[in-house]
Protein chains: 2
Amino acid sequence: MGLSRERIVGAAIELLDTDGERGLTFRALAARLKTGAGAIYWHVTNKDELLIAATEAILTGAARPRAGTPEDTLRAIALGVFDAVDEHPWVGTQLTRMQAQPALLRLSESIGRQVQLLGVPSAAGFDAATALLNYVLGVAGQNAALAGSIEPGTIRGEVLGTMAAEWEALDPEEFPYLRSVAPQLRDHDDRDQFLAGVDLVLAGMATLRGVPADPPRRARPDVPSGHGPSQ
Amino acid sequence: MGLSRERIVGAAIELLDTDGERGLTFRALAARLKTGAGAIYWHVTNKDELLIAATEAILTGAARPRAGTPEDTLRAIALGVFDAVDEHPWVGTQLTRMQAQPALLRLSESIGRQVQLLGVPSAAGFDAATALLNYVLGVAGQNAALAGSIEPGTIRGEVLGTMAAEWEALDPEEFPYLRSVAPQLRDHDDRDQFLAGVDLVLAGMATLRGVPADPPRRARPDVPSGHGPSQ
DNA sequence: ACCTGAACACCGTTCAAGT
DNA sequence: ACCTGAACACCGTTCAAGT
């Protein structure tokens, strides 16, 4: 069984997951695949292409629309990205750094289409869809950065705890707000907060249709809570 | 006039602006400063610290609250970041990649405080402030990525034109939405769209107070249109 | 057609040696 | 105290040589 594009991409994903973004080098990849570094170039053009393929492997189907109201579909799409980045933080980096990422196109398409279904007038619709996309990408980028700043494989809650401790140690004169909110940071649920943000944007969109929005809830039992669509 | 931290940071900013993020190397920096590469390490710990200092130099004061309603202040803060990233795309990368970036703390503080003033209840307030921050960071990251994908110094409109052409060339079966919206992408104003997104989030926040939001406008003559607060 | 591994052109960073 | 520049330990990528 020789090399193949799939084996290479698979090994790259493993390396990225276990050793972080800096762990993926052609030498490490070659060692894991028991070949020379140059062999990989026979199947893959360069590192960028490899990263795109790896992201593609994780994100296939993540932006696929499901049945339900446009709002619920938008929540599901957004959650799909969130969970994928949660499991594979380097996906967040790819999504926010690479313009040539096909997954980003599919995500834009899915979001845009659902916003259209929402009934937002077309001029404002493009702006609204772009806003939601950018919010999702912002969270993805932050989560990737947060994961990149620590040892790969650290427990989730731990990261927020450390960050909360830093906020509590800030100068009270300059950072009263962050200090006051540090306890909330410590024991909040990322995923919940992400959804609250999605709901906030959706509530904003509702005002664009002239329909009074019901205030976004924080608890949402209607959304599946398991980590879904990533590989 | 020997070396100094300020001269080093200044030269780094010039290099980043003219040659892009990949243009900043210790060797190029040393050449520009007419020293050896190692000399820089006497004044600066490492490259990360240098990038943080450079971002800091650009973003000082960008998040400082001005007089006005909380909404207007939030718009001004967001615009400050947008314009800074517009002039110095690498700032967008820093903001979204580095957790230890002081400018990010100040930005979080400023946004959070204004959202408090907005009267959003404190539990939802933290979520709302985080949502706005993530939106701003998402746009910053995308603009940085977009700028990074092209030759430094390309004309702004040109980038969007190229991207619009790509969207028009997409498969009509798979990407009907992006194709339909390509013309809007071509001749829209980034900055306008960014503001529309901020207004969307603000409209969402308004629903959290139970106050009916007036629908966000697209034209906004009340906001200064010049590129302001960066260096 | 596919693989090997040395070699090339870079990086960031260190450090003995200078002034 | 500050600077110099060679050296070290890496990178991504290429390419002659093998099978």
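Letters go in sequence order (proteins before strands), and every chain restarts at 1. These numbers come from a predicted model, not from an experiment.
Residues satisfying the salt bridge (charged side-chain N to carboxylate O under 4.0 Å, His left out) test with A/E21, not counting sequence neighbours, are none. Legend: residues meeting salt bridge (charged side-chain N to carboxylate O under 4.0 Å, His left out) with A/R32, ordered by chain and number and at least two apart, are A/E14. Checked against salt bridge (charged side-chain N to carboxylate O under 4.0 Å, His left out), A/R97 has no partners two or more places apart in sequence or in another chain. When the side-chain contact (heavy atoms from CB on, under 4.5 Å) test is applied to A/A100, the partners found at least two apart in sequence or on another chain are A/I52. By the salt bridge (charged side-chain N to carboxylate O under 4.0 Å, His left out) test, A/R5 is found to be paired with A/E49, residues two or more places apart in sequence or in another chain being considered.
For residues 2-33 of chain A, the ring-ring contact (aromatic ring centres under 6.0 Å, His included) pairs, not counting sequence neighbours, are A/F26-A/Y41. For the ring-ring contact (aromatic ring centres under 6.0 Å, His included) condition, no pair includes a residue of residues 142-180 of chain A, sequence neighbours left out.
Rounded to an integer number of Å, the gap from CG of A/L3 to C1' of D/dT19 is 15 Å.
In terms of modelled atom types and a separation under 3.5 Å, the side chain of A/R106 and the main chain of B/E174 share no donor-acceptor contact. Of the possible polar contacts, one joining the B/N134 side chain to the B/T130 backbone as a donor-acceptor pair under 3.5 Å is found. Judged by distance alone, the side chain of A/R179 and the main-chain N or O of A/L170 form a donor-acceptor pair under 3.5 Å.
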Let me check something: any side-chain donor-acceptor pairs from residues 143-150 of chain B under 3.5 Å, sequence neighbours excluded? List them with distances.
residue : atom : partner : partner atom : Å
B/S149  : OG   : B/L146  : O            : 2.8

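Contacts of residues 38-48 of chain B with DNA chain C (heavy atom under 4.0 Å): B/G38, B/Y41, B/N46, B/K47. Within residues 21-29 of chain A, the residues approaching DNA chain D are A/L24, A/T25, A/F26, A/R27, by heavy-atom distance under 4.0 Å. A heavy atom lying under 4.0 Å from DNA chain C marks none of the residues of residues 92-102 of chain A.
None of A/L50, A/N46, A/T45, A/V44 except one satisfies the side-chain contact (heavy atoms from CB on, under 4.5 Å) rule with A/D48; the exception is A/N46.
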When Watson-Crick pairs (N1 to N3 and N6-O4 or O6-N4) and G-U wobble pairs (N1-O2 and O6-N3) count only below 3.5 Å on both distances, what is the dot-bracket string of DNA chain D, with | for other-strand pairs? ||.|||||...|||||.||
